[in-house]
Amino acid sequence: MARAISALLSACILGLTGTASAETLGEALGIAEASNPQLDIERTNQQIAEEQLIAARGARLPTVEFTGQYGPETIQTNRAIVLDQGGRQIGTASLSAVQPLYAGGRIRAGIREAQASIGSSAARLDAATQDTILQAVTAYVDVRQDREAIKIQQNSVSLLTEQLRASRDRFDVGEITRTDVALAEARLEGARASLAAAEAQARASEASYQIIIGRDPGNLVAPPPISVVPSSFDEALAIALDESPDIAEAEFGERAAEQRVRSVRSRLLPELNVVVSAAFQGTLNQEDTVNPFGPDPTTPQPVPDFLDRSVSAFAQARIPLYQGGVARSQVRSAKLERAQAQLNIEAVRRQTIANVSQSWASYQAALIGIEASRRQVEAAEIAYEGGQEELSVGVRTTLDVLDQEQDLLEARLSLVQSERDAYVAASQLFRAMGTLSPRRYGF
């Protein structure tokens, strides 16, 4: 019976099985990336940045405007001599084009700032994508860990129930005391309480999974092995300083701030444009007009319609002389923002180093924990099997066997926890390095 119970306990770490409704980590990652609203926000921000670049480049091109108006005009006057009075239809039209020649570097700075903004938004999208992957992986393995913990606790309850039945049978024949039976009852109730706690924790993990992935977890199969982790901390740190999207975003932010300084400074410099315009004005469909020089002044005589045309081309210069200190204040403010962006790069670099260091330490500790837990499980299984046999011949007490069973339970739970911690720590390390992607899991 001891070997059968041991085999039952060994089965609890195999995870959930099934094929019909099995859900893989790759499927979960795909759903999370497709449905995460934060990623949609960042994608929209990138599109906005691209449109801003188009607008910035458009500032180099000429602007052409057309204006026109048409409507009736009535003239009433008390002047003695007038060539035309009464009602008439007047139309005017003008066409103008302005080509910038020199804007103090404002246009070029605007284009470069827009390009830096695109780089920053792309880095921010990359970081958000990696954060989503990390959250999805953590939620996935958390659900699996908690479900396996439930299986372990259920097997413990079943085992203690059987032990309690056996203890009562032995008490009935006088082999053990009432105290032994009470100990078995107490351990059983404790196991039931632990099972309830494990079930509550599993429900919480499933709720988090639903929030992050976007649907309830099904039958989650074992995640694939993660790709090879860097062999040393220095290697991981070097990759992080070169690949981290957080550092890249900060660097692009500093470039954009530098171009804003140049753009604002251009307001202190002269501008030069070429302006070409054409204007038209005339009267149309005149009625009841009087021409005093006609053959009969008392009879209204139509005056011929007229059309005036004008074309001009000139260079336009704008030289700022006094702006009340506004432009210079804006320049100083832009320089402060640039200094702030430079400080932000250093802050992000330090945070990246700290994240890599913490993730590396957590991963190494989890690997050590896995090896220790496996040896602990092997030793606890041997001790438990031996304790069962020694109990049957009276060498061990019921309390000894219950303690050994508790040790085996804790060892198995510790192994499940260590395996989860190692998987998450490796994912966190890749996120700190800036290289976390579905390819790390073979997708």
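Reckoned from all heavy atoms, side chains included, excluding hydrogens, waters and symmetry mates.
- Heavy atoms from other residues, nucleotides or ligands lying under 6.0 Å from CZ of Arg318 number more than 12.
- Using a 4.0 Å cut-off between charged nitrogen and carboxylate oxygen, Arg168 and Glu185 count as a salt-bridge pair.
- Atom CD1 of residue Ile247 and atom CG of residue Asn344 lie 11.0 Å apart, to the nearest 0.5 angstrom.
- Classification of Glu378 and Arg374 as a salt-bridged pair fails, no side-chain N sitting under 4.0 Å from a carboxylate O.
- Inspection of the Gln342 and Glu346 side chains reveals no N or O donor paired with an N or O acceptor under 3.5 Å.
- Shown here for Ala432 and Ala240, the closest heavy-atom pair between the two residues is O-CB, 3.6 Å.
- Gln358 CD: 12 or fewer foreign heavy atoms inside a 6.0 Å radius.
- Note that the CZ atom of Arg255 and the CD atom of Glu251 stand 6.5 Å from one another [nearest 0.5 Å].
- Residues Asn355 and Gln351 bring a donor and an acceptor atom of their side chains to less than 3.5 Å of each other.
- The distance from atom CG of Asp407 to atom CD of Gln376, rounded to the nearest 0.5 Å, is 7.5 Å.
- Taking the side chain as every heavy atom from C-beta outward, Leu336 and Arg332 never approach each other to under 4.5 Å.
- In summary, the side chains of Gln406 and Glu410 do present a donor paired with an acceptor at a separation below 3.5 Å, with no hydrogens or angles considered.
- Side chains of Gln69 and Ile90 form no contact here, defined as non-hydrogen atoms less than 4.5 Å apart.
- When every heavy atom of Ala56 is checked against every heavy atom of Gly110, the shortest pair comes out as CB-O, 3.7 Å.
- The pair Arg203-Glu206 fails the salt-bridge criterion, with no side-chain N (NZ, NE, NH1 or NH2) lying under 4.0 Å from an Asp/Glu carboxylate O.
- Contact annotation: the side chain of Pro245 never approaches that of Glu249 to less than 4.5 Å [non-hydrogen atoms, C-beta and beyond].
- Taking every heavy atom of both residues into account, Val377 and Leu408 meet most closely at O-CD1, 4.0 Å.
- Taking OG1 from Thr132 and CD from Glu42, the interatomic distance works out to 9.5 Å, rounded to the nearest 0.5 Å.
- Taking every heavy atom of both residues into account, Val416 and Ile152 meet most closely at CG2-CD1, 3.9 Å.
- Phe430 has its side chain within reach of Pro230: a pair of non-hydrogen atoms, C-beta onward, lies under 4.5 Å apart.
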**Message:** Between Gln153 and Ile150, is the side chain to side chain contact (heavy atoms under 4.5 Å, CB included) condition met? List the steps.
**Reply:** CA-CA 5 Å; Gln153 295 289 359; Ile150 288 177; 5.7 Å; no

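- Nearest heavy atoms, Pro62 versus Pro100: CA-CD, 4.5 Å.
- The closest donor-acceptor contact from the side chain of Ser333 to the backbone of Ser329 lies at 3.5 Å or more, if one exists at all.
- At least one donor-acceptor pair closer than 3.5 Å links the side chain of Ser35 to the backbone N or O of Ile31.
- Proximity of Asp131 to Gln38: side-chain heavy atoms (C-beta onward) are nowhere separated by under 4.5 Å.
- Between the side chain of Ser120 and the main chain of Ala116, no donor-acceptor pair closer than 3.5 Å is present.
- Using a 3.5 Å distance cut-off with no hydrogens or angles, the side chains of Ser227 and Arg439 do not pair a donor with an acceptor.
- Of all heavy-atom pairs spanning Tyr423 and Pro224, the tightest one is OH-O, 2.6 Å.
- You'll find the side chain of Arg350 stays beyond 4.5 Å of the side chain of Ile353, heavy atoms only.
- Between the side chains of Glu65 and Ser96, no donor-acceptor pair of N or O atoms lies under 3.5 Å.
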**Message:** If you apply the rule side chain to side chain contact (heavy atoms under 4.5 Å, CB included), what do you find for Tyr441 with Leu436, and how did you get there?
**Reply:** CA-CA 9 Å; Tyr441 309 97; Leu436 183 61; 3.3 Å; yes

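- Between the side chain of Gln99 and the backbone N or O of Arg60, at least one donor-acceptor pair lies under 3.5 Å.
- Between the side chains of Thr129 and Glu33, no donor-acceptor pair of N or O atoms lies under 3.5 Å.
- In this structure, Glu405 CD and Arg187 CZ are separated by 8.0 Å, a value rounded to the nearest 0.5 Å.
- When side chains are defined from C-beta on, Ser266 does not count as touching Arg262, because their heavy atoms never get closer than 4.5 Å.
- A donor-acceptor pair under 3.5 Å is formed between the side chain of Arg144 and the backbone N or O of Leu220.
- At distances below 3.5 Å, at least one donor-acceptor pair connects side-chain atoms of Ser205 with backbone N or O atoms of Gln201.
- In this structure, the separation between CD1 on Ile133 and CZ on Arg431 is 10.0 Å, given to the nearest 0.5 Å.
- Looking only at atom types and distance, the side chain of Gln130 has a donor-acceptor partner in the side chain of Asp126 under 3.5 Å away.
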**Request:** For Tyr102 and Leu269, run side chain to side chain contact (heavy atoms under 4.5 Å, CB included): C-alpha distance rounded to whole Å, both residues' side-chain angles, the deciding distance at 0.1 Å, then the answer.
**Result:** CA-CA 10 Å; Tyr102 176 71; Leu269 302 176; 4.0 Å; yes

**Request:** Let me see the working for Leu159 and Asn155 under side chain to side chain contact (heavy atoms under 4.5 Å, CB included), right down to the final yes or no.
**Result:** CA-CA 6 Å; Leu159 179 61; Asn155 288 327; over 6 Å; no

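- Between Glu148 and Arg420, every side-chain heavy-atom pair lies at or beyond the 4.5 Å cut-off.
- Under a 3.5 Å cut-off, the side chain of Ser244 and the backbone N or O of Leu241 do not form any donor-acceptor pair.
- With sequence neighbours left out, Arg267 forms a side-chain hydrogen bond (donor to acceptor under 3.5 Å, both in side chains) with Gln330.
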